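Data first, discussion second: the structure below is written as structure tokens.
To find a chain, count down the sequence lines: A is the first, B the second, and so on, and within it residues start at 1. Only a predicted model underlies this, so the values are computations on that prediction, with no experimental measurement involved.
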Amino acid sequence: MSCALLLLLMSLALAMGTGAAVEIQRPRGVPLSKRQFYEENKPFTCLDGSSTIPFDRVNDDYCDCRDGSDEPGTAACPNGSFHCTNAGFRPTFIPSSRINDGICDCCDTTDEYNSGATCQNTCREMGRKERESLQIMAEITKEGFLLKQQLIHEAKRGQEDKQGKLTELQGSKKGLEEKVEALRTVKETAEDPEKEAKERHLKAWEEQKELIRMEKDKTRMAEAFLELDDDADGYVSVAELQSHLELDPDSDGSLSETETQGLLGGADKVDTSTFETVWSGIKDKYLSEVSQGQSEPPAPVETPQEEESRDFVSDHDSDHYPEDYAGEEDVEDDEEDDHEEEEEEEEKVPPTVQTPEKREDDEVSMPPYDTETQSLIDAAQKARDDFDEAERALREVDDQMKNLEKEIGFDFGPSAEFAYLYSQCYELSTSEYIYRLCPFNRVSQKPKFGGSETNLGLWGQWAGPEDNLYSVMKYDHGQGCWQGPNRSTTVKLTCGKETVVTSTSEPSRCEYLMEFTTPAVCQEPASLDEVLHGHTEL
Amino acid sequence: MASFIERMCLYRVLVLSVFLSITQAVDRSNFKTCDQSAFCSRQRAMKPGQSSYTALLETLELSDSHLTVQLLNNNNKVLLLLELYRLQGNMTRVKINELKPIKPRYEVPDVLITDPPTELMSVLAQDEHRVVLSLGGEDWRLILSAQPFRLDIMEGPQVLLSLNSRGLLAFEQLRIRKDTKSQTDTEEAGEKEDTEKHDKEKVSEGEEEEAEEEVDQPGMWEETFKTHADTKPNGPSSISLDFSLPGVEHVYGIPEHADGLKLKNTDGGDPYRLYNLDVFQYELFNPMALYGAVPVLLSHNTHRTMGLFWLNAAETWVDVSSGQGSSEVPQTDVRWISESGIIDVFIMLGPRPNDVFTQYSSLTGTQAFPPLSSLAYHQCRWNYNDQEDVSAVDQGFDEHDIPYDFIWLDIEHTDGKRYFTWDNNKFPQPKDMLQGLLDKRRKMVTIVDPHIKVDSSYKIHTEIRSRGYYIKNKDGGDYEGWCWPGNAGYPDFTNPEMRKWWASMFAYDQYEGSMENLYTWNDMNEPSVFNGPEVTMHKDALHGPWEHRDIHNLYGFYVQMATAEGQIQRSGGLERPFVLTRAFFAGSQRYGAVWTGDNAAEWGHLKMSIPMCLSLGLVGISFCGADVGGFFKTPSAELLVRWYQAGAYQPFFRAHAHLDTPRREPWLFGPDNTALIREAVRQRYTLLPYWYLQFYHAQRTGQPVMRPLWVEYPEDIATFSIDNEFLIGRDLLVHPVTDERSSGVTAYLPGNGEVWYDVHTFQRHDGAQNLSIPVTMSSIPVFQRGGSIICRKNRVRRSSSCMENDPYTLYVALDSQGNAEGEIYIDDGHTFKHKTDKQFIHRRLSFTANSLSSSDLSPDSQFPTASWVEQVNILGAQKPDAVTLTATDGGESSVEFEFDPDTAVLTLRKPGVNAGVNWTLHLR
């Protein structure tokens, strides 16, 4: 930038210098610097040395030299160039194909000497305008550069702050880590007796439950016996049992005498004590006549088989209990495994409503822990809570450190002058959209009149040319385009006093271009001053 | 520009994009096969055999201009009227219509430039079986056979062409619908009655009055394709006729198809289809219909070239079947099937290729003579976003020193796809933009499509609606369909009043922001209707009394006609128009340029651009090009460079790209590729005088500008199937590199005894050989024919207008006898004054007996030119001792020269004579 500008200003100065001087005679289109090769009335040697021609063939509108040097003032050579002096402005070369093409290219009109085009000499006006804009630019650059120094200063301080904070955090992290380890030991120490006490309690309750269950079974058996013994003779006979079709061992729909006898262990009838052995064989299938008489709970599916299967559920009841209990520790896992479990359950358990028995079982809840156990549990819980809190604190510090390291690790320019842009956002509103540039983060676009935001790219890298890397930012991997690439944005940075997005465009579908001014790219203006005020010395 | 999806309706895009990711090509199911087209499958089910038609010779009437005779369908007793015309210029016209149709059948208007002048026909012999008519010439005869009906055109003992020799003449007469039974009912009844029919036939034999009860077949009175119903209130109306061409193995034409130059056998596959359609991502080597239709077929063998022009604008299918005819002679059979209208066919008898071009252009006119600048390079993209973008691209060309003449704006330049308007945000000052281009002597094209946004605040729409100019739907309301703007109406361009009004919209005070350097592009004029059957208009839509079915293939023709007329009118009839169209028909050549639609950035599409434009050239449409770079997808730098190199040597030279593709202006691919593209474009500009001359000829003679080799070497069988190289005019042979990473091509140089000169190295090669040419990225194999003189302007400037007064360099390529001949044509490049005021220069340049001279070919015309002759290069020359110039006034002067013995090129330095006068250069 500064280099180009310097050159430009030097040549401008040159032009102004020569403009005042007397026009030096030379063939049309020849720059002063090459005047010595075109000596009137002496044979002319092509500048590439390829041939020598009489001088009257210079600018005779026929191309004799391969390099086009014999026709600096005509359009005869395809590769020639024409020099416009452009007094008052900046001298320039144009391709010789633009000589006399009816279009005014040189501000001094010298390229259109035979085309009939009416050109105005605009050099002085252009020179004035350019000097003005250079002046303005120089001022902007000057102020911008001052701001930039400030930015650098702030960035340095900010960097130091961050570094300090990081060191600080590193210290507190160490403390926290130690704390976490200590609390982990405390927790584990408290959890062992808790576990033992809990298991004890559980075992006792299991035993208790078994007793209750057996008691229940006995009651049911007695009830069944009474129910079956229709004639109240103290025996359950084949005939009496035969009415219970649900007991049919081969499920052929009828309970034959032989089958019934089989159920009764080969006997014709059994008394209460013998019935005990019979009961264990039939209790799973047996349907109480009383409950049969009651209105059945609504079945989800109406096929007989599935109705039958209701009773199998009771077998699973005991399985449910440990699962429910284990739930407390496995909450997170449970969520993840939800799918699998659902599928498995579907396979194992036919769809059914819960049986009344199951509900009863559920109602028998575990008795509360005794005070000793409860106090062990409370102690362990406190240790856990303390541990968790310490761990959380450690994580927080970790996160803070990571963020700081990330920020410190960003390439904010040679002097971190772009650091001030970090975690800022700048918006530009157009007729249709609001564009938002969050440097080092992302670019987005939101329709003004409703609609969701579109990601135009995430921070990629600095993408300027080799000699000016920090003049362009590249954001890529934005939202995908139909039949096209992911959206991306190129941000061009120019020197300005203010930090502002000045324009956006979409030159190619889904490839955005944003112009952004910031003092951070303003260059050292010292050399400029020299040129602007020191041209008289040249 | 694009076809039918994108941002229109999102759901559609989503569905399609899913589909596209699988197929990557055309969704064939959107378009009918012959089986899915009721009339095509009905007609195609009919197999060759004895024709059921008899010519009733007793009804024959012969007048000065033509012969009429009735044809009887022996099955249903319906009478047809055959009209035979002998036309001037060795053509025969055969018209067949119902003798008494219950309502008129559509006859295509406006395509023929005049009522073709007839010549006297005389009866040579006649008996009860046949009539022999003289067609003039030495012994050209036409034999009309009565039972079964057929026509044979003979030269001496040789049959050149037969009509209905395979008995495939079929003419579904218009009828009243008998009932409203459901289709299945009819079908069942059909089978029953079919058997009854045979019984009845026996019974009713000899009873003249009794016609067979004709049975409705499915699809005759209604037809459904996908979700679209075609109501067919007029019932079946299709026609079919077969032609046999004994001794013919090569047939060409009937564009537009993405297929090779030589037509293929359609046995076992679908026929070639002619039905103007907006086909999304079309497939190569496929007889599917595309955007345009020219129902003209050329046949060629070493003895004779002939043409068939089937003048019918309805959906048409063409079956081509080549094989052995009787007695081992090769034969090609062609069968045409159209959905409605009449049979009106022009048989062009050649016998030379150029005769056929003359014959066809005497019917439908020649290529419009375009403004010179439109032959230069066009830069297009969907879309140049705004004025700043246009100015940046314009600037880019200057910065990279690449010439261009036209920059194009696609649909996004408008205010919400309302044509004739500008998007106020993006193009707030169109005249400033156009003035900026004008200052650089450049031009612009904006798109104006025929679908008009239905919007009561849009002037164009309200005017068309209030004047009743919209096409009507079957129920009489304005037809509406979806296209770019959303809901849109379609102006009825078949209505001359409508066309007149449309033309008036191009006036500078009507088309706001337009200027004299703004030209027009008609896209989507098939017409494209996103939600219509096959992405086009319902066939039962109404154009006044006619159904869309009758006129479909003409719609795009009329759109371009009206637009071109508008451009002529806005300049008071002074300036030549430039209008590009996507849809076209026979005769479209009169109104401007066409391009091959939405191609893709693939090597196959680059290759296909050659046969597609060759096929169009053969049927009169010379101003043809393909989107350079490929419209869909993104070309590699290599493909883009090769496409520029090929496109620089094709008539219409425009780069174009889809909205969703990355930018591809010529300088975006690194300095090496920029230089290669610059060189290709510059070659185009140096040859503009030659291109312009070719278009001058095309306008005068109807000969194609870009032509297949066989056109110039009709007896050289080796040329008959070549479609990877071509000629521009007679004198330049181009064999573009169309393969990836190519290290060489093999070009066929035709002509026994001819010599060809490489235009880059001037190396001389003999004709009638396959020449292996090693190539690099900069190679564009082009050869100048020995015996020709080509004028170039070697001072390439930023636009063609800037080169107007520049001097010429002559390339005199000597033949084996040391002779050469060429022409030069000069006029103002953009007005009709060459025609109205005879303001032009047309001169012959001839090199013979060591003298090169310029003589006037059109002494009664004149045009002042500042151009002069700066250099003459004589290829294949010998070193002279001296060269003198004799000027118009007889004064002599000596001319300096240089001779390169290695290349045998003699370069004469600066003769300096004006290009419009007589002069002679003598080599001694």
Side-chain angles (χ1 to χ4, degrees), chain A residues 51 53-54 56-57 60-64 66 68 70-71 74-81 93-105 111-112 114-119 430-433 451 480-488 490 503-513 515, chain B residues 5-7 10 13-14 16-17 20-21 381-386 388-389 392-393 398 401 403 423-426 438-442 632-634 657-665 668 682 685-686 794-799 801-807 866 868 870-871 896 898 909-910 912:
Chain A
S51 70
I53 55 172
D56 63 6
R57 296 205 170 165
D60 73 337
D61 208 11
Y62 185 90
C63 192
D64 292 287
R66 246 178 284 157
D70 63 317
E71 297 294 319
T74 77
C77 293
N79 49 351
S81 57
F93 287 94
I94 60 167
S96 49
S97 66
R98 294 182 192 168
I99 300 168
N100 290 328
D101 65 350
I103 301 162
C104 311
D105 290 286
D111 60 319
E112 296 301 316
N114 196 21
S115 70
T118 43
C119 300
T430 67
S431 57
E432 274 178 273
Y433 299 103
C481 267
W482 179 73
Q483 266 212 339
N486 283 356
R487 286 174 175 79
S488 63
T490 300
S503 79
T504 61
S505 57
E506 189 183 358
S508 202
R509 193 109 175 98
C510 302
E511 290 175 16
Y512 296 82
L513 179 67
E515 309 255 2
Chain B
I5 37 169
E6 268 96 353
R7 297 176 283 183
L10 193 61
V13 171
L14 290 173
L16 257 154
S17 58
L20 284 171
S21 60
R381 167 172 187 85
W382 179 24
N383 212 86
Y384 285 121
N385 298 331
D386 47 32
E388 291 71 39
D389 198 2
V393 171
D398 287 343
D401 200 17
D423 182 313
N424 269 331
N425 291 317
K426 299 170 182 165
L438 194 64
D439 289 345
K440 288 191 181 172
R441 309 180 76 175
R442 286 175 176 148
F632 290 112
K633 304 186 179 172
T634 300
H658 189 279
L659 183 71
D660 288 329
T661 59
R663 294 290 280 238
R664 53 169 99 139
E665 283 69 47
L668 295 176
R682 288 175 68 98
Y685 276 73
T686 63
N794 283 339
R795 303 182 180 188
V796 176
R797 303 192 188 244
R798 65 185 128 195
S799 71
S801 301
C802 296
M803 297 161 64
E804 188 186 349
N805 296 318
D806 281 342
W868 48 284
E870 72 171 326
Q871 193 181 72
E896 244 184 81
E898 218 177 296
R909 186 188 191 279
K910 208 180 177 189

Looking only at heavy atoms and a cut-off of under 4.5 Å, which of [options] has the most pairs with chain A?
| options | answer |
| --- | --- |
| B:R682, B:Q871, B:E898 | B:Q871 |
| B:E388, B:E870, B:M803 | B:E870 |
| B:A866, B:P807, B:C802 | B:C802 |

Quiz item: If you count heavy-atom pairs under 4.5 Å between each of A:A76, A:C104, A:A117 and chain B, which one has the most?
Solution: A:A76

Measuring heavy-atom distances to chain A, does [X] have an atom under 4.5 Å in its side chain, in its backbone, in both, or in neither?
| X | result |
| --- | --- |
| B:R798 | side chain |
| B:T661 | backbone |
| B:N425 | side chain |
| B:R381 | side chain |

Practice problem: Measure distances from A:D61 to the heavy atoms of chain B and classify the residue's part below 4.5 Å as side chain, backbone, both or neither. | Solution: both

Self-check item: Which portion of A:D105 sits near chain B, non-hydrogen atoms under 4.5 angstrom
Solution: side chain

Quiz item: Who are the side-chain hydrogen bond (donor to acceptor under 3.5 Å, both in side chains) partners of B:E896, not counting sequence neighbours?
Solution: A:R57

Practice problem: Decide yes or no for B:E804 and B:R441: does some side-chain heavy atom of the first lie under 4.5 Å from some side-chain heavy atom of the second? | Solution: yes

Taking [X] for its side chain and [Y] for its backbone only, find out whether a donor-acceptor pair lies under 3.5 Å.
| X | Y | value |
| --- | --- | --- |
| A:E112 | A:N100 | yes |
| B:R797 | A:I99 | yes |
| A:N79 | A:R66 | yes |

Quiz item: Roughly how far, to the nearest 0.5 Å, is CG of A:D101 from CG of B:D806?
Solution: 9.0 Å

Quiz item: What residues form a salt bridge (Lys or Arg N to Asp or Glu O under 4.0 Å) with B:D386, not counting sequence neighbours?
Solution: none

